[in-house]
Structures are given as C-alpha cells and as structure tokens.
There are 2 protein chains.
Amino acid sequence: MEPDKPPTLTERKRAAILRAAAESFRHEGFLATSTDRIAERAGVSKRTLYNHFPSKDALFDAVIEGYWARLQTLSQPPLPSPQGIEDRLVAFACERLQVLLDPEVLGIFRAVMTESMRAPELSRAWRRDSSYEQLLGIETILDEESAHGRLLIASRELAASQLWGLVFGGLFWSGVMHLHGQVSAAYREQVVREGVRTFLARYGTPAESVGEPASPNRRKAAASRQAAKGKRS
Amino acid sequence: MEPDKPPTLTERKRAAILRAAAESFRHEGFLATSTDRIAERAGVSKRTLYNHFPSKDALFDAVIEGYWARLQTLSQPPLPSPQGIEDRLVAFACERLQVLLDPEVLGIFRAVMTESMRAPELSRAWRRDSSYEQLLGIETILDEESAHGRLLIASRELAASQLWGLVFGGLFWSGVMHLHGQVSAAYREQVVREGVRTFLARYGTPAESVGEPASPNRRKAAASRQAAKGKRS
DNA sequence: CAAAAAGTAAACTGTACGGTGTAGTGTTTC
DNA sequence: GAAACACTACACCGTACAGTTTACTTTTTG
C-alpha cells in the first residue's frame with residue numbers, strides 16, 4: 001500500500017519482541033523460554049515486553065498466529081499448468097515441501113504440538129477449520145486435474161490424504177523428529193517424484209502416459225474399486 | 001521364567017515410580033512435570049524416588065527406554081501368510097497401527113519429540129540404529145512378499161517408506177497433533193485398505209489380481225522406472 | 001518546545017522446583 | 001531378634017521464573 005513509511009519505534013520494538021520470541025520458542029520450547037531471555041534477545045526492557053503483550057501465553061499466541069497466517073498463503077495458488085501431470089504434481093509438491101521442511105516451520109510445529117498437550121486452548125488455530133490437505137492446496141490441485149480428465153478419483157479426501165502421505169509424510173516426520181539433518185533438494189525431489197508415480201499408478205488416466213519409454217497396456221480399471229466415503233467413527 | 005515370586009517392596013516402589021512418571025510425562029510433558037508430583041502419584045516419598053533414580057533426567061531416560069523396548073517387539077513377527085497379499089498387508093498394517101495410535105504411545109512420541117529439541121542426548125534411542133520402517137517390520141514383510149513373487153520392488157527403502165506414508169502417515173500425524181479424537185477401528189481399516197491398494201497399484205504383480213471383478217490388462221511395466229537409490233545428501 | 005506516550009534499568013514479590021539432609025519407622029534377611 | 005537396608009516425613013537450600021513497581025530518560029506529536 002503506502003511506500004513503507006519508516007516504522008515507528010513502537011512498531012520496531014514489537015517486531016523485535018515477536019522475532020526474538022519466535023526464535024526462542026522454536027529452539028527451546030515454550031516452557032524452557034523465559035520472558036527475561038526474550039526481552040534480552042529482543043534488545044528491549046522486560047517492562048516494554050509486558051506493555052505489548054499482557055502475558056507470556058499471549059505472546060506465544062501472537063507468534064503462533066503469525067506463522068499460521070504465513071502458512072495460510074500456501075493454500076491459494078496451485079500455479080498454472082503447462083507441463084504433464086507428473087511434472088506438475090512434482091513441482092507443486094516440491095514447492096510445498098520446501099516450506100514444510102524449513103527448520104523454522106518445523107520448530108513451530110514442534111512447539112505447537114508440545115503445547116497442545118499441556119494447554120490445548122493455546123494454538124487452537126492449528127486444529128480448527130481446515131485439514132492439512134486443504135491447507136496445502138492438495139485437494140484443489142487434484143480437483144483441477146480431475147476436471148481435465150487427467151485423474152480418476154473416487155474420494156478426493158482419501159486421495160488427497162494418500163498423496164500427502166506419499167510425498168510429505170516420510171520427510172516431514174523425519175524432520176519433525178530430528179531423524180536426520182537437512183536433506184538435499186535433489187533427494188527431496190526424488191522422493192516426491194517416486195511418490196507421485198505411485199499415486200498416478202492408481203489414479204492416473206491412460207491419456208496421460210506421456211513420454212514414457214514403452215508401456216501401452218497400463219491401468220484402465222485402476223479406479224474400479226474405490227469406495228471409501230464415511231470418515232471418522 | 002520363575003513363576004513370579006512376589007515382588008519385593010523395593011521392586012513395587014520402583015515400578016510405581018516408573019508408572020507414575022510415564023503417566024505424567026505423557027500428559028504434561030517433561031518440564032511441566034515436577035518430581036514432587038511424580039512421587040505423590042506413585043505413593044512414594046520424594047527421597048525414595050531419588051534413591052532409585054539419580055535425577056529427573058535419568059528417570060525420563062528410564063521411562064523412554066521402557067517404551068522403546070516395548071516397541072522393539074513390533075519389528076519381529078510379521079505373522080504367517082495364508083491370505084492374499086492385499087489382506088495380508090492390511091492385517092499387518094492394522095495391527096501395527098493399533099499400537100501406533102494407542103494414546104499412551106502417542107503421548108510418548110510427543111514427549112520424545114519435545115525433549116529432542118531441548119536436550120537431544122536424552123531419548124537418543126529413538127534416533128539411533130533403525131528407521132521406523134525397520135522398527136515396524138515393513139521392510140521384512142515386503143522382502144517376504146517379493147521373494148514369493150507377489151511384489152515387484154526396485155528400492156525396498158523407498159517402497160517401505162511409501163507404504164508407511166500411505167497407511168500410517170495420515171492417521172499417525174493426526175493422532176500426534178490431536179487433530180481429532182479417537183478414530184474407529186472400522187475407519188482405520190478402511191484407510192489402511194485403500195492405502196494398500198494404492199501401493200499394490202504400483203508394486204503388485206499381475207499374478208495376484210485375485211478375486212477382482214474384472215481387470216486383466218493391468219500393470220506389467222509398473223516397475224520399469226524405479227531408480228531411487230542414493231539417500232541423504 | 002512542551003506535554004503525552006513509550007521505553008529503560010533494576011530492585012522486588014511470590015511461588016515453584018530440583019535436589020539434599022536428617023531423624024526415625026518399617027521390612028528383609030541371616 | 002538383630003543388623004542391614006529401604007521407605008517416610010519434613011524441613012531446607014539455591015535458583016529461576018512470571019509479572020510488578022518505581023523512578024528516570026527518550027521519542028513522538030501538536
């Protein structure tokens with residue numbers, strides 16, 4: 001909007017507090033972080049911190065809301081589609097995965113999960129409304145491809161959740177659990193591509209067997225038995 | 001071995017402490033649990049607690065090791081196979097899933113993850129040695145089925161991780177994040193079965209298209225492009 | 001430039017926690 | 001039944017933390 005008028009001191013202080021708090025919460029967790037430490041990292045007096053946020057809980061809430069809003073932007077643009085379906089799904093998933101595996105985001109997921117057991121009312125945003133499949137825009141892109149006849153899907157929720165598991169599940173879980181350090185982008189893409197191929201082995205339509213070395217007699221009845229509908233108990 | 005001679009008082013106290021500690025750690029997390037509270041719940045004096053365990057950290061370690069040992073037993077018996085491959089994989093996965101979704105186990109996963117960020121040296125057991133695919137015995141059962149010609153798999157690690165994502169990923173993640181309450185066994189089985197079907201759409205062999213309504217011309221070149229080998233970066 | 005608003009430093013309150021010390025009571029074992 | 005051992009109750013130490021108070025300085029604004 002306006003060409004960034006210089007931020008007032010109050011705004012700068014507030015931002016510094018939020019940044020420092022996010023950093024601490026991500027690295028140490030909510031309980032292990034002291035407000036003294038946050039104020040120190042933010043270069044701010046403790047009183048100022050408590051002028052901006054009424055309590056440590058409120059500060060945590062504000063940090064979480066900020067990240068949640070950032071993640072929300074993921075659900076919107078499933079990007080246009082010149083490529084074949086495999087490449088499109090791979091590109092889509094790699095983009096999302098890069099965000100999900102960002103150490104900053106992983107840290108927030110950990111913090112949210114941790115506090116969700118101690119104090120469920122904090123961080124309720126992460127549980128209300130939308131599923132992660134929706135959040136990531138998976139259902140949207142599947143709908144699009146289905147509309148173009150490139151996918152044959154009986155239950156979009158089921159398919160979306162399977163795609164999530166195939167391409168995100170393993171790496172995301174490893175990341176959250178610190179199972180290994182950073183993985184290379186190349187490895188990530190390989191995992192994603194193979195996941196997409198498995199997904200297409202069930203849900204792809206013959207029309208899209210593009211550029212493959214040779215395999216004419218594939219699939220066809222692939223979607224012949226897909227019943228799952230009722231969810232939950 | 002010996003037909004349980006009555007446990008000595010010391011043994012009973014120790015067990016009570018471990019039980020109370022596990023309960024508290026699962027529900028409140030490590031930091032939010034006080035040793036006073038553990039002692040109280042265990043019906044034990046605080047001094048006794050510190051006679052059995054030198055520190056709160058050591059107590060946490062002992063609790064975690066106990067659960068880890070319990071989970072280890074999962075990796076052994078992939079159970080015999082009278083059924084067709086789909087039913088066998090479904091039965092196998094449902095059994096594992098039941099353990100993974102046990103609130104007690106979920107709570108421990110959460111606690112481990114939380115402490116893994118604050119103090120990685122605790123709970124190292126959960127990261128050393130084996131992958132979760134190994135832990136759950138997925139690779140074993142895939143090897144067996146491959147040996148019988150019922151699967152055509154290029155990379156066992158990749159396939160195992162995909163099966164994990166398809167049948168465990170979604171529900172496990174939901175459970176860990178408290179996304180919904182308990183899900184019914186019937187719903188679980190449905191998700192698992194559909195996951196297995198997607199898996200078989202890529203890795204199954206024609207020989208095993210048993211009892212299907214009608215779909216003779218399936219797959220064959222399914223495994224023609226499976227390259228993934230190099231891991232990590 | 002003057003008044004209002006916001007920030008700072010530092011001491012302080014009350015509480016909670018991890019861990020120890022002590023003196024005495026119950027339990028096991030020979 | 002007595003010596004060795006484990007359990008109990010309880011006071012205690014030092015530290016840490018969320019949040020407040022006070023007295024003072026800087027920034028913003030009209």
Side-chain angles (χ1 to χ4, degrees), chain A residues 2 4-64 111 114-115 118-119 121-123, chain B residues 2 4-64 111 114-115 118-119 121-123:
Chain A
E2 295 116 85
D4 28 339
K5 48 188 174 197
T8 146
L9 178 116
T10 305
E11 280 161 353
R12 272 184 292 127
K13 292 291 179 184
R14 185 187 184 90
I17 293 169
L18 281 171
R19 192 154 16 89
E23 227 168 287
S24 294
F25 288 149
R26 279 190 283 115
H27 283 110
E28 337 284 344
F30 177 78
L31 283 177
T33 296
S34 73
T35 52
D36 292 87
R37 185 119 184 73
I38 294 174
E40 183 192 335
R41 283 176 85 130
V44 143
S45 89
K46 200 175 172 183
R47 202 62 190 88
T48 298
L49 189 156
Y50 277 98
N51 281 343
H52 281 283
F53 303 95
S55 70
K56 195 185 173 189
D57 277 9
L59 178 52
F60 184 74
D61 249 358
V63 168
I64 293 302
T114 300
E115 293 324 300
R118 191 187 57 87
E121 66 282 5
L122 295 177
S123 70
Chain B
E2 295 117 85
D4 28 340
K5 48 189 174 197
T8 148
L9 178 114
T10 305
E11 280 162 354
R12 272 184 292 127
K13 293 291 179 184
R14 184 187 183 90
I17 293 168
L18 281 172
R19 193 155 15 89
E23 227 167 287
S24 295
F25 289 150
R26 278 191 282 115
H27 283 109
E28 336 284 344
F30 178 77
L31 283 177
T33 296
S34 73
T35 53
D36 293 86
R37 184 120 186 72
I38 294 174
E40 183 191 336
R41 282 175 87 130
V44 145
S45 86
K46 199 176 173 182
R47 207 68 189 78
T48 299
L49 189 156
Y50 277 98
N51 281 342
H52 281 282
F53 303 95
S55 69
K56 195 185 174 190
D57 276 10
L59 178 52
F60 183 74
D61 250 357
V63 168
I64 293 302
T114 299
E115 293 324 299
R118 191 188 56 88
E121 67 282 4
L122 294 177
S123 69

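Atoms considered below: every heavy atom in the structure, side chains included; atoms not considered: hydrogens, waters and symmetry mates. Naming: A, B, ... by sequence-line order, numbering from 1 per chain.
For the pair B:Phe25 CZ and C:dG18 C1', the computed distance is 12 Å after rounding to whole Å. The distance from atom CZ of B:Phe60 to atom C1' of C:dG19 is 19 Å, rounded to the nearest whole Å. Put simply, CZ on B:Phe53 is 15 Å from P on C:dG18, counting in whole angstrom units. The CG-P distance, from A:Leu59 to D:dG19, rounds to 10 Å in whole Å. For the pair A:Glu40 CD and D:dA18 P, the computed distance is 13 Å after rounding to whole Å. If you measure from atom CG of A:Asp36 to atom P of C:dC12, you get 16 Å, rounded to the nearest angstrom. If you take CZ of B:Phe30 and P of C:dC17, they are 13 Å apart, rounded to a whole angstrom. Rounded to whole angstrom, the span from the CG atom of A:Leu49 across to the P atom of C:dG7 amounts to 11 Å.
Side-chain atoms of B:Lys46 and base atoms of C:dG19 include a donor and an acceptor less than 3.5 Å apart. At a cut-off of 3.5 angstrom, counting only N and O atoms as typed in the model, there is no donor on one side facing an acceptor on the other between the side-chain of A:Arg47 and the base of D:dG19.
Distance from the side chain of B:Thr48 is smallest for D:dC7 among the nucleotides C:dG7, D:dC7, D:dA18. Nearest nucleotide to the B:Ser45 side chain, out of C:dG19, D:dA18, D:dA9: D:dA9. Nearest to the side chain of A:Tyr50, among D:dG19, C:dG7, D:dT8, sits D:dG19.
Ring orientation note: the planes of B:Phe30 and B:Phe25 are tilted relative to one another, at an angle of 30° to 60°.
Nearer to the 5' terminus of DNA chain C, by closest-nucleotide assignment, is the contact made by A:Lys13 (compared with the other of B:Ser34 and A:Lys13).
Neither OP1 nor OP2 of C:dA6 sits under 4.0 Å from any side-chain N or O of A:His52.
By the neighbour-count criterion of 12 heavy atoms within 6.0 Å, atom NE2 of A:His52 is densely surrounded, having more than that number from other residues, nucleotides or ligands.
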side-chain contact (heavy atoms from CB on, under 4.5 Å) between A:Leu18 and A:Phe53, worked out: CA-CA 10 Å; A:Leu18 281 171; A:Phe53 303 95; 3.8 Å; yes
A:Arg118 vs A:Glu115, salt bridge (Lys or Arg N to Asp or Glu O under 4.0 Å): CA-CA, chis, key distance, verdict: CA-CA 5 Å; A:Arg118 191 187 57 87; A:Glu115 293 324 300; 2.5 Å; yes
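B:Leu49 contributes atom CG, which lies 10.5 Å from atom CZ of B:Arg14 (distance to the nearest 0.5 angstrom).
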